[in-house]
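Worksheet: the structure to be examined is printed underneath.
Just so we're on the same page: letters track the sequence lines, and every chain starts at 1. Note that these values count all heavy atoms, side chains included, but never hydrogens, waters or copies made by symmetry.
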Amino acid sequence: MSDDHDTIDDIETAVLPLDAWHRAHGGRMVEFAGYWMPVQYEGIMAEHLWVRESAGLFDVSHMGQLHLAGDGLDDALEALIPADLKGVKPNAQKYSLLLAENGGILDDLMLTRWDDGSIYMVVNGAVKYDDIAHLRDHLPDEITLNHMDEQALLALQGPRAVDALARLVPGVAELTFMKGSRFDWNGVSLWISRSGYTGEDGFEISVPADHAETLADALTAQPEVRPIGLGARDSLRLEADLPLYGHDLDPETTPIMAALNFAVASKRRREEANFPGAERILYERENGAVVKRVGLLVEGRQPVREGAAVLDADGSEVGKVTSGGFAPTLGQPIAMAYVPVAMAEPGTRIQLTQRGKIHEATVAPMPFVPHRYAR
Amino acid sequence: MPRYFTEDHEWVDVDGDTGTVGISDYAQGQLGDIVFVDLPEEGKELTKGDDAAVVESVKAASDVYSPVSGTVIEANGDLGDTPNLVNDDAEGDGWFFKLTLSDTSELDGLMDESAYEAFVAKL
């Protein structure tokens, strides 16, 4: 027996602030995005279901936390992303995309306006150094970019996350979805936003690295909270129709292909058409892209994974599965795939092939599991 | 009934020229929650080391190799509805398939239970 993928290079793999904490709590550590990270504690299935019914603590310190400030910041950053940054008020959070000149997606990200007008941005761990280089190359000298690598990032997710966190940090319950604020916790300054990547209500907490262990201890001491690994993070976000960069999104895909039309929803930005790839993206927005990201319910019990081919009626390969696995909440396999637009309507029956075997699937309305955000 | 193990964490119980094959308890623990097992069909000819089955956890698919050569005579039908039998009882009810051994001398290259325990302890 052997795993399909397991090439680990100990020398290159870095250690995050909570490394010892994860090991002490029984986390099974794997290499991910260049770091040792816990893939699971008690088991992916149990952890996944626990987040859906109670609350789970995720360490996402591998992600890049960036701070951008300076005169003309909004104009400078709007030249690289399609979001209406000028419309983002203090303490408001927005999802956006770092775009290449041809409209391809370089990364997806969350940005928040701080009180002083500056921008706090969270980007994907696997491409954070590329993002930083891209931003430094393209932003004018007046803009300062600080990689906040002295900060850890924790996510507390699930319907009871608010109960657990409010006990430690009074006031967090007043935040609504996609809003953030600074809080004091025993003299430690925390930046907390009501957001996450599971489809559940919850929070993301930026904490100085040297206080990450005490905060993780305090959170997991709450009866609602258990530590959760990357494995459940992946199955939770898949059920919630949240694409993962490097798998469901890459420089070959545009926001419209990726069905992220909401990321180019600003009327002003579309009229100005001054973000990278605007011409192509706005054309696709009007006329449709050639292919589109969809969700698939897979028949039977066998998961269909990333890399499986999508077949048309003649058996020709016309698309690819970009994420796939077993959905613990639904008790069946699900997937994300890119398919020709003619095959993208919910209810369309689709054939997939993996290791010489044909699997039947149906295009599903997304998300697979309804979002339960605190709006 | 002697039981043999491979370095790839398969086991085979041998009774005459009939072998019962599964994965070790250590292996199921490493894989985590098992959601599907793709088993070989009856009559399939396997050479030692061939891909014989695929075990799917929530996270990933892993190949299971045949520890010996032979012809498959039965697959464990219970795994169709209850693949988690492999998690619950990997070295018992969670067996994968039975085969008729074509060359019992292949068993000489495998580990017995205590040798396998020592092997796993070093991982």
Side-chain angles (χ1 to χ4, degrees), chain A residues 1-6 8 26-30 32 37-50 228-239 298-308 321 323-335 354-359, chain B residues 5-12 21-41 49-67 77-88 90-91 94-97 116 119-120 123:
Chain A
M1 211 198 82
S2 81
D3 280 347
D4 280 358
H5 51 81
D6 249 334
I8 289 169
R28 180 179 300 165
M29 306 300 277
V30 298
F32 182 81
M37 297 194 68
V39 65
Q40 66 169 65
Y41 299 85
E42 58 175 317
I44 294 173
M45 200 89 84
E47 291 169 31
H48 179 116
L49 297 172
W50 184 257
I228 308 294
L230 285 177
R233 182 172 166 84
D234 192 46
S235 52
L236 287 159
R237 67 92 196 163
L238 181 56
E239 287 183 345
V298 179
E299 285 175 24
R301 293 190 63 103
Q302 185 164 21
V304 177
R305 314 276 183 181
E306 178 176 5
V321 171
S323 283
F326 192 81
T329 310
L330 304 175
Q332 73 162 101
I334 58 171
Q354 169 174 268
R355 296 190 297 267
K357 207 163 140 181
I358 301 285
H359 298 263
Chain B
F5 291 85
T6 71
E7 292 191 356
D8 296 315
H9 310 288
E10 293 91 10
W11 55 265
V12 54
V21 175
I23 65 168
S24 69
D25 189 55
Y26 171 84
Q28 71 76 20
Q30 291 294 307
L31 291 172
D33 300 308
I34 288 163
V35 296
F36 184 81
V37 185
D38 197 13
L39 294 167
E41 293 190 1
D50 277 356
D51 291 350
V54 178
V55 58
E56 303 259 6
S57 68
V58 179
K59 188 90 190 116
S62 305
D63 290 321
V64 175
Y65 309 119
S66 190
D78 291 343
L79 298 185
D81 288 331
T82 48
N84 55 316
L85 268 181
V86 182
N87 291 121
D88 297 341
E91 299 187 21
W95 60 276
F96 279 26
F97 60 91
Y116 178 71
F119 171 75
V120 165
L123 295 179

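- A pairwise comparison of heavy atoms in B/Gly32 and A/Gln40 identifies CA-OE1, 4.3 Å as the closest pair.
- Of the two parts of B/Asp51, neither the backbone nor the side chain holds a non-hydrogen atom closer than 4.5 Å to a non-hydrogen atom of chain A.
- When heavy atoms are compared at a cutoff of 4.5 Å, A/Glu47 does not approach chain B at all.
- Proximity to chain A (any heavy atom under 4.5 Å) is shown, for B/Val37, by neither the backbone nor the side chain.
- There is no contact between B/Asn84 and chain A, counting heavy-atom distances below 4.5 Å.
- Note on A/Ala46, A/Pro303, A/Ala232: by heavy-atom pairs under 4.5 Å with chain B, the leading option is A/Pro303.
- Across every non-hydrogen atom of B/Asp33 and A/Ile44, the tightest pair is OD2-N, 3.3 Å.
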Trace of the salt bridge (Lys or Arg N to Asp or Glu O under 4.0 Å) decision for A/Lys357 with B/Asp38 | CA-CA 11 Å; A/Lys357 207 163 140 181; B/Asp38 197 13; 3.1 Å; yes
Starting from the C-alpha separation in whole Å, work towards a yes-or-no answer on salt bridge (Lys or Arg N to Asp or Glu O under 4.0 Å) for A/Arg355 and B/Glu56.
-> CA-CA 13 Å; A/Arg355 296 190 297 267; B/Glu56 303 259 6; 3.0 Å; yes
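- Interface remark: A/Arg305 contributes side-chain atoms only to the contact with chain B (heavy atom separation under 4.5 Å).
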Should B/Lys59 and A/Asp234 be marked as a side chain to side chain contact (heavy atoms under 4.5 Å, CB included) after you check the CA-CA gap, both sets of side-chain angles, and the distance that decides it?
-> CA-CA 9 Å; B/Lys59 188 90 190 116; A/Asp234 192 46; 4.1 Å; yes
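- In this structure the side chain of A/Met45 reaches within 4.5 angstrom of the side chain of B/Val35, judged on heavy atoms.
- Within the 4.5 angstrom heavy-atom criterion, no atom of A/Ala327 approaches chain B.
- B/Pro67 does not touch chain A: none of its heavy atoms, backbone or side chain, sits under 4.5 Å away.
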